[in-house]
Amino acid sequence: AQSVSQHNHHVILSEAASLELGCNYSYGGTVNLFWYVQYPGQHLQLLLKYFSGDPLVKGIKGFEAEFIKSKFSFNLRKPSVQWSDTAEYFCAVATLGRLYFGRGTQLTVWP
Amino acid sequence: KAGVTQTPRYLIKTRGQQVTLSCSPISGHRSVSWYQQTPGQGLQFLFEYFSETQRNKGNFPGRFSGRQFSNSRSEMNVSTLELGDSALYLCASSEGQGGRQETQYFGPGTRLLVL
């Protein structure tokens, strides 16, 4: 079965700091990769996705992610976080007709 | 387009009861998937429906079942509720073409508390 690992359970940053959230998956075949975000009190929203092509994908709100096939990784980055980025971030892998999620990373940004 | 809607948003039930949750997908989407979200297990896939047929199933007991109607709306049923069924149940819809390059869009969820 597919597994998705998010390395950090809770990340605390100050505004303007840079962010990188790690994500690794186990499946060796072709996968589609996603990052979803869940803001406090809101539902899961799509941040960005990778299907094929350029391994560096850009999403909403200044987020980007890089797919490194050799490392089975899809790390999320943002050069400068804002207080409004406080949320829970989920990495997900789509294969065999379903989404497999990581356990999530809670990001807290202090103003 | 309106997003995925789920009803009810909150439910309180007691052990042994059964519950039915409803999901209306984004207009034009034909695939509906259900997920359970708990602090202990995270987000876990329950099942997926497409064209009124279950197309994929996760590793949940038979107490968890679902169906899809001809208008793509879906219901999920949990019978003989247990305390451990307390969770946020999320519905997601996608176009359902069956290809790999599909994106699932999530509803707000139904928070179920079993007492």
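Below, read A as the first sequence line, B as the second, and so on, with proteins coming before strands; counting in each chain starts at 1.
When atom types are taken as modelled, the side chain of B:Q68 and the backbone of B:S51 share a donor-acceptor pair closer than 3.5 angstrom. Distance alone, capped at 3.5 Å, is enough to place a donor-acceptor pair between the A:K78 side chain and the A:K61 backbone. At least one donor-acceptor pair under 3.5 Å links the side chain of B:R63 to the backbone N or O of B:S79. The closest donor-acceptor contact from the side chain of B:N77 to the backbone of B:Q18 lies at 3.5 Å or more, if one exists at all. Without hydrogens or angle criteria, A:R98 side chain to B:K57 main chain gives a donor-acceptor distance under 3.5 Å. Looking at B:K13, its side chain never comes within 3.5 Å of a backbone N or O of B:G16 through a donor-acceptor pair. Between the side chain of A:Q6 and the backbone N or O of A:G104 there is at least one donor-acceptor pair closer than 3.5 Å.
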(request) Please report the C-alpha distance between A:L19 and A:L107 in whole Å, then the side-chain angles of each, then the deciding distance to 0.1 Å, and finally whether the side-chain contact (heavy atoms from CB on, under 4.5 Å) criterion is met. (result) CA-CA 9 Å; A:L19 169 72; A:L107 171 66; 3.9 Å; yes
(request) Show your working on side chain to side chain donor-acceptor pair (under 3.5 Å) between B:S94 and B:E102 and close with a plain yes or no. (result) CA-CA 7 Å; B:S94 65; B:E102 289 232 329; 2.8 Å; yes
(request) Report the C-alpha distance between A:T86 and A:T108 in whole Å, list the side-chain angles of each, state the deciding distance to 0.1 Å, and finish with yes or no for side chain to side chain donor-acceptor pair (under 3.5 Å). (result) CA-CA 5 Å; A:T86 294; A:T108 301; 5.5 Å; no
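With a threshold of 4.5 angstrom between heavy atoms, A:Y36 approaches chain B through side-chain atoms but not through N, CA, C or O. When heavy atoms are compared at a cutoff of 4.5 Å, A:Q42 does not approach chain B at all. A:L44 touches chain B through backbone and side chain together, each having a heavy atom under 4.5 Å away. Heavy atoms closer than 4.5 Å to chain A are found in the side chain of B:E48, but not in its backbone.
The distance from the CZ atom of A:F101 to the CZ atom of A:F34 is 9.0 Å, given to the nearest 0.5 Å.
The contact list for residues 30-42 of chain B toward chain A, using heavy atoms and a distance under 4.5 Å, reads B:Y35, B:Q37, B:P39, B:G40, B:Q41, B:G42 by residue number. Taking non-hydrogen atoms and a 4.5 Å limit, the residue list of residues 69-76 of chain B in contact with chain A is empty. For residues 106-115 of chain B, the interface with chain A (any heavy-atom pair closer than 4.5 Å) comprises B:F106, B:G107, B:P108, sorted by residue number.
Ring geometry, A:F63 versus A:Y89: the interplanar angle falls from 30° to 60°, so the pair is classed tilted.
Judged by distance alone, the side chains of A:S26 and A:Q2 do bring a donor and an acceptor atom under 3.5 Å apart.
A:I68 meets the side-chain contact (heavy atoms from CB on, under 4.5 Å) test with A:E66, A:S70, A:K71, A:S73; sequence neighbours excluded.
Between B:Y49 and B:F47, the gap from one ring centroid to the other is short of 6.0 Å.
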